[in-house]
Amino acid sequence: MARKVILTILLLSVAFSSWAVEWFAYGGSFGTGIVLNNDSSLRSYAEDMHRVVLELDGTMEFIFHPSIRIAAGSILLTDFKFKGDEYYNSLDYSIYGGIRIYPGLGGLRLGVDYNLGRRTDFIDIPPVNDVNSSAWGNGFRFLLEYDFRYAKTGLLPMVGGSWRYVPRGGDASDHIISVYFKLLYR
């Protein structure tokens with residue numbers, strides 16, 4: 001039974017991929033970045049801690065013209081701060097919709113997204129042991145990417161960078177600068 005389900009999914013994927021190659025692309029990216037919180041209490045907790053920032057992005061793109069695409073997807077960013085047994089970890093999750101434009105300079109592409117997201121912080125720094133979630137915030141993300149196989153089909157490797165601004169309620173907001181490697185399939 002499991003073999004039949006897996007085979008059916010594979011066959012449908014291949015059929016969909018060849019049928020939708022002209023107007024649809026999907027993929028994801030993996031990267032790292034810098035998270036700048038304007039909340040001073042967050043900065044004071046993590047001043048002398050080790051830090052690891054990882055970002056994952058899953059995306060779908062609808063191709064209206066070879067130079068214009070509409071994108072939708074989700075972002076998961078982890079910001080791990082730790083020292084010994086103490087930690088201050090943040091999980092940032094969001095969804096977005098936006099536009100990608102190839103301005104005619106080879107594989108260079110520009111993008112802007114409307115972003116809706118939230119951050120959850122996991123804190124264990126004595127005397128604080130808490131889990132806090134921010135308010136949902138909406139902001140923008142600006143992208144600059146380079147598509148190494150522009151106007152081709154198949155697996156398309158890209159490199160890129162983005163700046164994301166997301167208010168978190170009150171006077172708090174996050175500025176997230178990311179660099180990443182992306183693979184799209186078209």
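- For Arg168, the side chain to side chain donor-acceptor pair (under 3.5 Å) partners are Asp92, Asp174, not counting sequence neighbours.
- A distance of 13.5 Å separates CD in Glu86 from NZ in Lys81, rounded to the nearest 0.5 Å.
- At a threshold of 4.5 Å between side-chain heavy atoms, the hydrophobic network of Ile, Leu, Val, Met, Phe, Trp and Tyr places Ile177 and Leu54 in two separate groups.
- A search for side-chain contact (heavy atoms from CB on, under 4.5 Å) contacts involving Ile99 returns Ile68, Ile70, Ile101, Val112, not counting sequence neighbours.
- Taking the salt bridge (Lys or Arg N to Asp or Glu O under 4.0 Å) definition, one finds that Asp57 meets it with Arg141, sequence neighbours left out.
- Scanning all heavy atoms of the two residues, the minimum distance from Asp79 to Arg51 falls at OD2-NH2, 2.6 Å.
- Side-chain atoms of Leu108 and Leu144, non-hydrogen and from C-beta on, do get closer than 4.5 Å to each other.
- With sequence neighbours excluded, no residue forms a salt bridge (Lys or Arg N to Asp or Glu O under 4.0 Å) with Lys152.
- Outside the 6.0 Å centre-distance limit, the rings of Phe64 and Phe62 are not counted as a close aromatic pair.
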Query - Audit row: Val128, Tyr88, side chain to side chain contact (heavy atoms under 4.5 Å, CB included) steps and yes/no - result: CA-CA 10 Å; Val128 178; Tyr88 189 119; over 6 Å; no
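- Looking at residues two or more places apart in sequence or on another chain, you find no salt bridge (Lys or Arg N to Asp or Glu O under 4.0 Å) involving Arg118.
- No single ILVMFWY cluster, assembled from side-chain heavy atoms under 4.5 Å apart, contains both Leu76 and Val35.
- Taken to the nearest 0.5 Å, the CD1 atom of Ile63 stands 12.5 Å off from the CZ atom of Arg100.
- Cluster partners of Leu143, by chain and number: Tyr180. The rule joins Ile, Leu, Val, Met, Phe, Trp and Tyr whenever side-chain heavy atoms lie under 4.5 Å apart.
- The ring pair (Phe, Tyr, Trp, His ring centres under 6.0 Å) pairs that include a residue from residues 99-123 are Tyr102-Tyr150, where partners are two or more places apart or lie in different chains.
- Residues Lys182 and Glu145 approach most closely at NZ-OE2, 2.8 Å, considering heavy atoms.
- From Ile123, atom CD1 reaches atom OH of Tyr87 across 9.5 Å, with rounding to the nearest 0.5 Å.
- Met158 contributes atom CE, which lies 11.0 Å from atom OH of Tyr146 (distance to the nearest 0.5 angstrom).
- By the side-chain contact (heavy atoms from CB on, under 4.5 Å) test, Leu183 pairs with Leu155, Pro157, Phe181, sequence neighbours left out.
- Other residues sharing a hydrophobic cluster with Tyr96 under the 4.5 Å side-chain heavy-atom criterion for ILVMFWY residues are Ile75.
- Shown here for Gly139 and Pro167, the closest heavy-atom pair between the two residues is CA-CD, 4.1 Å.
- Looking at residues two or more places apart in sequence or on another chain, you find a salt bridge (Lys or Arg N to Asp or Glu O under 4.0 Å) between Glu55 and Arg164.
- Among residues at least two apart or in separate chains, side chain to side chain donor-acceptor pair (under 3.5 Å) pairs with a member in residues 66-76 are Glu61-Arg69.
- Less than 6.0 angstrom separates the ring centroid of Tyr185 from the ring centroid of Tyr26.
- Side-chain contact between Phe30 and Leu56 is present, with heavy atoms from C-beta onward closer than 4.5 Å.
- Taking both residues in full, the closest heavy atoms of Trp163 and Tyr165 are given as CZ2-CB, 3.8 Å, listed atom of the first, atom of the second, then distance.
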Query raised in the report: How far apart are the C-alpha atoms of Thr59 and Leu184, what are their side-chain angles, what is the distance that settles it, and do they pass the side chain to side chain contact (heavy atoms under 4.5 Å, CB included) test?
Result: CA-CA 8 Å; Thr59 188; Leu184 282 181; 3.7 Å; yes
Side-chain donor-acceptor pairs of residues 129-136 under 3.5 Å, sequence neighbours excluded:
from	atom 1	to	atom 2	distance (Å)
Ser133	OG	Thr120	OG1	3.0
Ser134	OG	Arg119	N	3.0
Ser134	OG	Arg119	O	3.3

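- At least one side-chain heavy atom of Val53 sits under 4.5 Å from a side-chain heavy atom of Leu77.
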